Enquirer: 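Have a look at this one.
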Amino acid sequence: MLRSLVGSEMCIRDSFKYTIMKSIIAFELYKIFRRPRTYIAFGAIAALIVVIQFGLKIDGESYASFLMKDINDTLTVDGKVLNGYLICYILLQLLLVHVPLLVALIAADMISGEANLGTLRLLFSTPFTRTEWVLGKFIAASIYTIVLLIWLAFLALFVSMWVFGTDDLFLMKSNYVVLIQEKDVLWRYVGAFVFASFSLLTVTALGFLMSSIANNSIGPIVGTMSAIVFFTILSTLNIPLFSIIKPYLFTTHMNNWKEFFDIQVNDGNEAIAGSILNIAKIKNSLFVLSAHIILFVTAAVYITKKKDILS
């Protein structure tokens, strides 16, 4: 009987905590999406994608000729090289480098913005704990990030497929070419976008950590962007001194969504449908990115719990 009562009490407590978190997340999402600047990122992504798609639609044949000029004498590709799948790949290469900066506009303002407005003390004086507020704010910021990525996926992939059609995906790598059959492409983009969500959530967590430190909005946004640029430079420099730390930098792993488009070949050098060349690299990158997310959010919770609210 006692065990049954204890179990019921735990269920009620868990249900109450779930209701609390749901209320906090809904409240924070309302605040995020009522700000006009929230839609800057959506507008910027849409404008860039539409401009690039329009340019390739008008003068795409020249681009395709330029892409194929070095291999036309040795390789013949049947079908339409410039199709929706290739357009999406081009767009992801261009945009996923810059989307983290757009994510930082919101994530880096979640706590510091409240401190700047003088409402942080009011929030923390409610019956909800600081940890609940911080986690609720992070989940809300993460939902915004995922929605932004879905918007990017819709425009870059599905609109490109509608405008340019689909065919086999032909990619030029540094010293080899990859040709993926049409029926073997779409799931790779699903995997690539899931991977990209981990990359962007790492940026969200970093911005959130910066936000927990400062008491104004500008500092964390600039700090997050500066950190991304700084670590990206370290990740790309081929200097032996930095080779030791590069595997542990989150920026080293953020662009590894491209691994979904490298495939294995058999002894006859024929592509193996449904394969990924280096799946271990993808798993390692997901582990490193997840570790950074947990580290950044844990640090943000700790700092906020210890923070003196003076205004």
Side-chain angles (χ1 to χ4, degrees), residues 39 41-72 75-100 102-103 145-174 176-200 254-265 270-279 282 285:
Y39 301 94
F42 291 90
I45 288 173
L48 285 169
I49 289 177
V50 169
V51 167
I52 294 171
Q53 287 173 335
F54 178 76
L56 289 174
K57 186 66 176 177
I58 297 299
D59 199 26
E61 294 302 323
S62 299
Y63 179 81
S65 299
F66 173 77
L67 190 68
M68 300 287 294
K69 68 176 184 178
D70 292 331
I71 61 170
N72 275 332
L75 180 67
T76 301
V77 179
D78 295 327
K80 187 166 53 175
V81 174
L82 197 68
N83 59 71
Y85 289 141
L86 179 61
I87 300 299
C88 182
Y89 191 89
I90 294 169
L91 288 169
L92 291 186
Q93 280 189 307
L94 294 173
L95 293 181
L96 284 183
V97 177
H98 306 290
V99 170
L102 300 175
V103 169
T145 301
I146 298 301
V147 171
L148 186 65
L149 183 62
I150 292 173
W151 175 244
L152 171 61
F154 170 74
L155 293 175
L157 180 57
F158 294 106
V159 173
S160 294
M161 289 168 62
W162 175 62
V163 173
F164 295 90
T166 60
D167 209 316
D168 296 345
L169 178 60
F170 179 83
L171 299 175
M172 290 283 295
K173 300 291 184 175
S174 56
Y176 60 96
V177 298
V178 176
L179 184 62
I180 306 175
Q181 294 181 356
E182 179 180 356
K183 62 183 180 181
D184 194 33
V185 176
L186 190 58
W187 72 269
R188 297 180 187 275
Y189 274 114
V190 174
F193 279 111
V194 170
F195 185 96
S197 69
F198 280 82
S199 299
L200 294 182
M254 287 179 64
N255 284 328
N256 283 345
W257 59 269
K258 298 177 183 178
E259 296 298 323
F260 282 94
F261 300 93
D262 262 350
I263 59 179
Q264 298 176 3
V265 295
E270 297 173 338
I272 302 174
S275 66
I276 297 176
L277 180 62
N278 199 347
I279 195 168
I282 295 174
S285 294

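This one's a predicted model, so the numbers in the text were calculated from it and none came from an experiment. Side-chain atoms are counted along with the backbone in the values below, which use heavy atoms only and exclude waters and symmetry mates.
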Enquirer: Can any side-chain N or O of Tyr189 pair as donor or acceptor with the backbone N or O of Tyr89 at less than 3.5 Å?
Expert: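 The answer is yes, because a donor-acceptor pair under 3.5 Å joins these two groups.
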Enquirer: In terms of heavy-atom contacts, does CZ of Phe54 have more than 12 from other residues, nucleotides or ligands at under 6.0 Å?
Expert: no
Enquirer: On a heavy-atom basis, which atom in Ile279 and which in Ile276 lie closest, and how many Å separate them?
Expert: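 Scanning both residues, the minimum pair turns out to be N-CG2, 4.0 Å.
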Enquirer: Measure the CG-CG distance between Leu169 and Leu186 for me, rounded to the nearest 0.5 Å.
Expert: 11.5 Å
Enquirer: Scan residues 82-97 for pairs that pass salt bridge (charged side-chain N to carboxylate O under 4.0 Å, His left out), counting only residues two or more places apart or in two chains.
Expert: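 Qualifying pairs, neighbours excluded: none.
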Enquirer: For the residue pair Ser275 and Ile263, what are the closest heavy atoms and their distance?
Expert: O-CG2, 3.4 Å
Enquirer: Holding to side chain to side chain contact (heavy atoms under 4.5 Å, CB included), I want the full list of residues that pass it with Ser199, two or more places apart in sequence or in another chain.
Expert: Phe195, Met254, Leu289
Enquirer: For the residue pair Phe261 and Trp257, categorise the inter-ring angle as parallel (less than 30°), tilted (30 to 60°) or perpendicular (more than 60°).
Expert: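 Phe261 and Trp257: perpendicular rings.
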Enquirer: Of all heavy-atom pairs between Cys88 and Phe193, which one has the smallest distance, and what is that distance?
Expert: SG-CZ, 4.3 Å
Enquirer: Looking at CG of Leu91 and CG of Leu56, how far apart are the two atoms once the value is rounded to the nearest 0.5 Å?
Expert: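 Here the rounded value is 7.5 Å.
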Enquirer: Just how far is it from atom CG of Leu149 to atom CZ of Phe198, taken to the nearest 0.5 Å?
Expert: 11.5 Å
Enquirer: Any side-chain heavy-atom pair from Tyr85 and Asp167 closer than 4.5 angstrom?
Expert: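 No, too far: nothing below the 4.5 Å cut-off.
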Enquirer: Would you check if the side chain of Asp184 reaches a backbone N or O of Gly274 as a donor-acceptor pair within less than 3.5 Å?
Expert: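 Yes; at least one donor-acceptor contact below 3.5 Å.
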